[in-house]
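Note that the numbering runs from 1 along the sequence shown for the chain. Note that the structure is predicted; figures quoted are calculated from it, not measured.
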Amino acid sequence: MNELAKIEKTPTGFYVVPSGATPDAIRNGFPPASNREIGKAIAMLFTGLRFAERGDMNAAMTEEIYSACLRGRPAFAIEAAVQAYLTGQVPGASPVFVPATAELVREVERQFWMRIRREKAEAQAPAPIPKRTAEEIERARKIVETVKGALQR
């Protein structure tokens with residue numbers, strides 16, 4: 001049974017994941033990338049990196065295999081993984097050659113969970129202390145002085 005968590009996107013672009021949701025429910029709660037989004041990501045990857053020499057390579061079949069491996073995954077994770085490969089940010093990966101499908105899927109998963117953890121931490125971070133105007137500070141100082149005076153009587 002596919003478990004599904006209700007994932008909401010805030011107006012600021014953050015995803016809100018319900019607490020207690022299982023990893024499968026979280027993963028299944030995100031909309032999958034469209035074929036167009038997957039195709040664009042693959043085109044960027046294949047344009048930016050080289051293939052190792054293979055005499056039997058069929059370009060259309062290769063693209064279809066990569067597309068099939070990425071179906072069902074969220075666009076933001078696919079885009080982040082491709083960007084990480086293109087900029088040499090994937091630990092242990094070749095900065096020259098296209099990754100194998102398994103390596104790409106592993107990086108998509110890594111990027112997915114990195115974003116979930118980052119957004120969860122940002123959502124739990126304490127709100128910044130608001131800046132006070134000079135008038136507010138002076139008003140607070142007067143209140144403190146008034147209370148001190150009342151307590152000393």
Q | Arg36: side chain to side chain donor-acceptor pair (under 3.5 Å) partners, not counting sequence neighbours | A | none
**Q.** Partner residues of Thr133 under the side-chain contact (heavy atoms from CB on, under 4.5 Å) criterion, sequence neighbours left out
**A.** Glu135, Glu136
Q: Sorted by first residue and then second, give each side-chain hydrogen bond (donor to acceptor under 3.5 Å, both in side chains) pair with at least one member in residues 68-78; sequence neighbours left out.
A: Glu64-Arg71, Arg73-Glu109
Q. To the nearest 0.5 Å, what is the distance between CZ (Arg27) and CD1 (Ile116)?
A. 10.0 Å
**Q.** Connected-component partners of Ile65 among ILVMFWY, side-chain separation under 4.5 Å
**A.** Met61
Q: Quick one: pull up CD in Glu103 and CZ in Phe97 and give me the separation to the nearest 0.5 Å.
A: 12.5 Å
Q: Quick one: pull up CD in Glu119 and CZ in Arg115 and give me the separation to the nearest 0.5 Å.
A: 4.5 Å
Q) Sequence neighbours excluded, which residues qualify as side-chain contact (heavy atoms from CB on, under 4.5 Å) partners of Thr47? A) none
Q: With rounding to the nearest 0.5 Å, note down the distance linking CG in Asn35 to OG in Ser67.
A: 7.0 Å
(Q) With heavy-atom distances below 4.5 Å as the criterion, would you say the side chains of Leu49 and Val96 are in contact? (A) no
Q: For the residue pair Val98 and Thr62, establish whether any side-chain heavy-atom pair is separated by less than 4.5 Å.
A: no
**Q.** Residues forming a ring pair (Phe, Tyr, Trp, His ring centres under 6.0 Å) with Tyr66, sequence neighbours excluded
**A.** Phe46
Q) side chain to side chain donor-acceptor pair (under 3.5 Å) with Arg139: which residues, sequence neighbours excluded? A) none
Q) What distance do Ile78 atom CD1 and Met44 atom CE have between them, rounded to the nearest 0.5 Å? A) 12.5 Å
Q. Is the closest side-chain heavy-atom distance between Ile42 and Leu70 below 4.5 Å?
A. yes
Q. Looking at Ala81 and Leu104, what are the two nearest heavy atoms and their distance?
A. CB-CD1, 4.4 Å
Q. Got a sec, which pairs hit salt bridge (Lys or Arg N to Asp or Glu O under 4.0 Å) with one end in residues 140-152, sequence neighbours left out?
A. Glu138-Arg141
Q. What residues, two or more places apart in sequence or in another chain, satisfy salt bridge (charged side-chain N to carboxylate O under 4.0 Å, His left out) together with Arg106?
A. none
(Q) Holding to salt bridge (charged side-chain N to carboxylate O under 4.0 Å, His left out), I want the full list of residues that pass it with Arg132, two or more places apart in sequence or in another chain. (A) none
Q: Please name all residues satisfying side-chain contact (heavy atoms from CB on, under 4.5 Å) with Glu37, sequence neighbours left out, ordered by chain then number.
A: Ala33, Ser34, Ala75
Q.
If you compare all heavy atoms of Cys69 against all heavy atoms of Val105, which two are closest, and at what distance to 0.1 Å?
A. O-CG2, 3.6 Å
Q.
Donor-acceptor check, side chain of Glu79 to backbone of Phe76, threshold 3.5 angstrom: yes or no?
A. no
Q: Kindly write out the residues that satisfy side-chain contact (heavy atoms from CB on, under 4.5 Å) with Ala93, not counting sequence neighbours, or none if the list is empty.
A: Tyr85, Val90
(Q) Are the side chains of Gln111 and Gln83 in contact, using a 4.5 Å heavy-atom criterion? (A) no
